[in-house]
Asker: 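The structure follows.
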2 protein chains.
Amino acid sequence: MRRFIVVGHRATTSGAFKLDDLSGSTGRLDVLLCCINSSFFLSHDIRREVEVHLILLGLPSPPKTLRFVGSELKYLNPDERSTGALVRNALMQKIDVEDRCSPGIYASNRSYKDVLSIVSKESQMIYLKEDGTDIREFDFPEDVAFGDDQDLTPEEEETLMDYRPRKLKIGPISYHADHCVTIVNNEIDRRGRLA
Amino acid sequence: MRRFIVVGHRATTSGAFKLDDLSGSTGRLDVLLCCINSSFFLSHDIRREVEVHLILLGLPSPPKTLRFVGSELKYLNPDERSTGALVRNALMQKIDVEDRCSPGIYASNRSYKDVLSIVSKESQMIYLKEDGTDIREFDFPEDVAFGDDQDLTPEEEETLMDYRPRKLKIGPISYHADHCVTIVNNEIDRRGRLA
């Protein structure tokens, strides 16, 4: 399984947003939707072996975590707006322990620490970081989880370090989170998992 | 210079569309906007050495070509809607020979053949294709132009072949056009151009 963990520090935790304003009043939920797109979409297929955790930390009721499970996903389309509608639907439901909101989409009130604790039980944690080892030289285990450094607070980084992540870099410069996901997917594809 | 050529066979050639409906009535202009995003955006910068040609072939008045020049671009933001607004503004203007519509964005009525004829004068043409040579084994010249195979008609492919493109593949499976752009950018970054 390939798992991606993406943190939206300002991303809304309410479903009361307009689909016409995804980049405005939602705390840049649109950036997270791009990560969903690059995590799952192939030219004519959806990646079934991918799982994504979007951790939403914005107002009014953080934390909320949306878990997307590739093997179960339905109704996911490449356009931002339709994925936004699935997220809005999930956030409109009463969320407590993890509940299934639509096929392949689960919502919970899990925190960043909760998610790391759960994911690290099954996956080798990987921290995408500019000063890491080149990803092309890394021998991937079967089950990996990637977190991006771009927005981690010092406290969040400290929490991640407790799980002894491997630090990997994907290029000589800093990329957007969704572009990181695309490049990581391509690298693992090349190792023959999907060839 | 890195040049990307993207063809939108159904993409609207009128600026009379709603920004709230970018994935609906525009002939999937949203897909082309994703290519703009992956062509230009770094984590904290815009790629100045990139040029993108969006060739729009949808109704009502094809062809139209929008040329985005990284070294001149202003007002470009990562969200789909604001890039959509720049495209709409360009398409609302009277377009004949190539005119500058906003900083770094030029519109013309150039056809697919016109664009290839112009770009191939300065660039080694590259055709991203599943049966090509691995991009990681390719010795890049200074000036390259990439076209994607996903939507080329047989006639368009034949035209491209006149320019003796190098066929390169970027992985063992087929990717969305915008993901191809991200992976190509990463590969060239690694060759030290931006290190």
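All of these numbers come straight from a predicted model, not from anything done at the bench. Heavy-atom basis, side chains included; hydrogens, waters and symmetry copies ignored. By convention in this document, chain letters (A, B, ...) are assigned in the order of the sequence lines, proteins followed by strands, and residues within each chain are numbered from 1.
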Asker: If I compare all heavy atoms of A:G58 with all of A:T13, which pair ends up nearest, and what's the gap?
Answerer: O-OG1, 2.8 Å
Asker: Is B:K169 paired with B:E187 through a side-chain N to carboxylate O contact shorter than 4.0 Å?
Answerer: no
Asker: A:I173 pairs by side-chain contact (heavy atoms from CB on, under 4.5 Å) with which of B:D45, B:N185, B:L42, B:N186?
Answerer: B:L42
Asker: For a side-chain contact (heavy atoms from CB on, under 4.5 Å) check, start with the C-alpha distance between B:L152 and B:Y112, then their side-chain angles and the critical distance, and finish with the verdict.
Answerer: CA-CA 10 Å; B:L152 289 194; B:Y112 173 79; 3.8 Å; yes
Asker: Of the non-hydrogen atoms in A:V144 and A:F146, which two are nearest, and what is the gap between them?
Answerer: CG2-CE1, 3.5 Å
Asker: How far apart are the closest heavy atoms of B:M125 and B:V119, and which atoms are they?
Answerer: SD-CG1, 4.0 Å
Asker: Taking atom NZ as the centre, does A:K167 end up with more than 12 heavy-atom neighbours from other residues, nucleotides or ligands that are less than 6.0 angstrom away?
Answerer: yes
Asker: Tell me the closest heavy-atom pair linking B:V50 and B:F40, and the distance in Å.
Answerer: O-CE2, 3.3 Å
Asker: Could you please state which residues from residues 65-75 of chain B sit under 4.5 angstrom from chain A, measuring non-hydrogen atom to non-hydrogen atom, sorted by number, or 'none'?
Answerer: none
Asker: Decide, yes or no, whether a salt bridge links B:D134 with A:R190 under the criterion of side-chain N to carboxylate O below 4.0 Å.
Answerer: yes
Asker: Tell me every residue that passes side chain to side chain donor-acceptor pair (under 3.5 Å) with A:D162, counting only those two or more places apart in sequence or in another chain.
Answerer: none
Asker: Over 60° means perpendicular and under 30° means parallel, so classify the ring planes of A:H179 and A:H176, tilted if in between.
Answerer: parallel
Asker: Quick one: which of B:L160, B:L54, B:L116 gives a side-chain contact (heavy atoms from CB on, under 4.5 Å) with B:I5?
Answerer: B:L116
Asker: With a 4.5 Å heavy-atom cut-off (strictly below), which parts of residues 15-30 of chain B touch chain A? List them by number.
Answerer: B:D20, B:S23, B:R28, B:D30
Asker: Quick one: which of A:V181, A:N77, A:N37, A:V31 has the most heavy-atom pairs under 4.5 Å with chain B, could you say?
Answerer: A:N37
Asker: Residues of residues 85-110 of chain B under 4.5 Å from chain A (heavy atom pairs)?
Answerer: none
Asker: Determine the sole option in A:Q124, A:H53, A:E51 for which the side chain to side chain donor-acceptor pair (under 3.5 Å) test with A:R3 is passed.
Answerer: A:E51
